[in-house]
Protein chains: 2
Amino acid sequence: MSEKSIPKPTDAELEILQVLWEHGPSPVRFVNDELSGRREVGYTTTLKLMQIMHDKGLVTRNTDARSHIYEAALSREETQRTLLDTFVDNVFSGSAASLVMQALGNRKASKDELDQIKALIERIEGKKD
Amino acid sequence: MSEKSIPKPTDAELEILQVLWEHGPSPVRFVNDELSGRREVGYTTTLKLMQIMHDKGLVTRNTDARSHIYEAALSREETQRTLLDTFVDNVFSGSAASLVMQALGNRKASKDELDQIKALIERIEGKKD
DNA sequence: TTGCATTTACGAACATCTTCGTATAAACTT
DNA sequence: AAGTTTATACGAAGATGTTCGTAAATGCAA
């Protein structure tokens, strides 16, 4: 009954989550170094963001050591699922199929990937028959 | 050389665009009535939003009559493509295929839709062979 | 132990988004 | 023509997101 629902991460927060998902639990210093590789960002900026994420419940942290270790609270897949859901609603009026069509049309996928998708479709159709 | 690139619409702006795409060029009054059907929203709020969208270039407008007629500047498909692109980058690290897998897994699509998608995949694969 | 480097904490500035109150102008009513 | 309705324009408040400066705490080194 007292479940706090975790809010959707913002764009800047998502960038941090990607680092945590890819490298596992990490201190602020490491995350900031990763981000700095791609763009200009101050250390305290990253720190503040991660503290806010902790407040929101997007990450957990271990404060035993002096430099705290942060970890994503939700898995990548779980987060992607949630974000995808609201994205489909907002942009594609709830039609997942038309999103898929657009996605396949826009970007090139490898033959392997396409075959994988085809297989998935057949598996889904198979269940319904 | 002096092309102003049109910015990404925000969520509230997207709601308005959906109305314009669905019903064609419309005055503020009509758009606001549509939105009001779903949720509470003041007339001047919608007006202001549409004025801002006009400043940004997201919509064009005809001011001949007293009540201005607004029209989406970009097609639904064009806008969806742009938003999808940055969404794939931000949330799925650029992998359209994994987005498609998630989308198909999450939401139920009709057999017709699935067949359409399968056909599209085969068309894409065909081109490459 | 004194000073230096590293870390967290706090607060504030700045931007953007969303909402709406109020003023002004234009058209319709009677 | 005066009053009512309906529209646009403007400005500003409140919410959220992003950035960073500065202070305080902690550990390390000389």
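All values below come from the heavy atoms of this structure, side chains included, with hydrogens, waters and symmetry mates left out. Numbers restart at 1 for each chain; the letters A, B, ... are given by sequence-line order, proteins then strands.
For residues 73-83 of chain A, every residue pair satisfying the side chain to side chain donor-acceptor pair (under 3.5 Å) rule, not counting sequence neighbours, is listed here: A/Q18-A/R76. Identified under the side chain to side chain donor-acceptor pair (under 3.5 Å) test for residues 24-38 of chain B, with sequence neighbours left out: B/N32-B/T46.
Partners of B/K56 according to the salt bridge (charged side-chain N to carboxylate O under 4.0 Å, His left out) rule, which considers only residues two or more places apart in sequence or in another chain, are B/E13. Every residue two or more places apart in sequence or in another chain that forms a ring-ring contact (aromatic ring centres under 6.0 Å, His included) with A/F87 is listed here: B/F87. With sequence neighbours excluded, the residues forming a ring-ring contact (aromatic ring centres under 6.0 Å, His included) with B/F30 are B/H23, listed by chain and number. A search for side-chain contact (heavy atoms from CB on, under 4.5 Å) contacts involving A/T45 returns A/V41, A/L49, not counting sequence neighbours. Under the rule for a side-chain contact (heavy atoms from CB on, under 4.5 Å), the partners of B/K118 that lie at least two apart in sequence or sit in another chain are A/K118, A/I121, A/E122, A/E125, B/D115. A search for ring-ring contact (aromatic ring centres under 6.0 Å, His included) contacts involving B/H54 returns nothing, not counting sequence neighbours.
Applying a 4.0 Å cut-off to non-hydrogen atoms, the residues of residues 38-46 of chain A that approach DNA chain D are A/R39, A/G42, A/T44, A/T45, listed by residue number. For the segment residues 20-37 of chain A, the set of residues with a heavy atom within less than 4.0 Å of an atom of DNA chain D is empty. Contact check of residues 57-72 of chain B against DNA chain D (heavy atom, cut-off under 4.0 Å) returns B/R61, B/R66, B/S67, B/H68.
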Where do N or O atoms of nucleotides 28-30 of chain D meet protein N or O atoms at under 3.5 Å, pair by pair?
none

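Taking every side-chain heavy atom of A/K48 into account, C/dG11 is the closest of D/dT18, C/dG11, D/dC10. Candidate nucleotides C/dT19, D/dC20, D/dT8 were compared by shortest atom distance to the side chain of B/L47, and D/dT8 ranks first.
Only one option out of B/I69, B/T44, B/L47 pairs with B/V28 in a side chain to side chain contact (heavy atoms under 4.5 Å, CB included); it is B/L47.
A/L14 has its CG atom 13 Å from the P atom of D/dG17, to the nearest Å.
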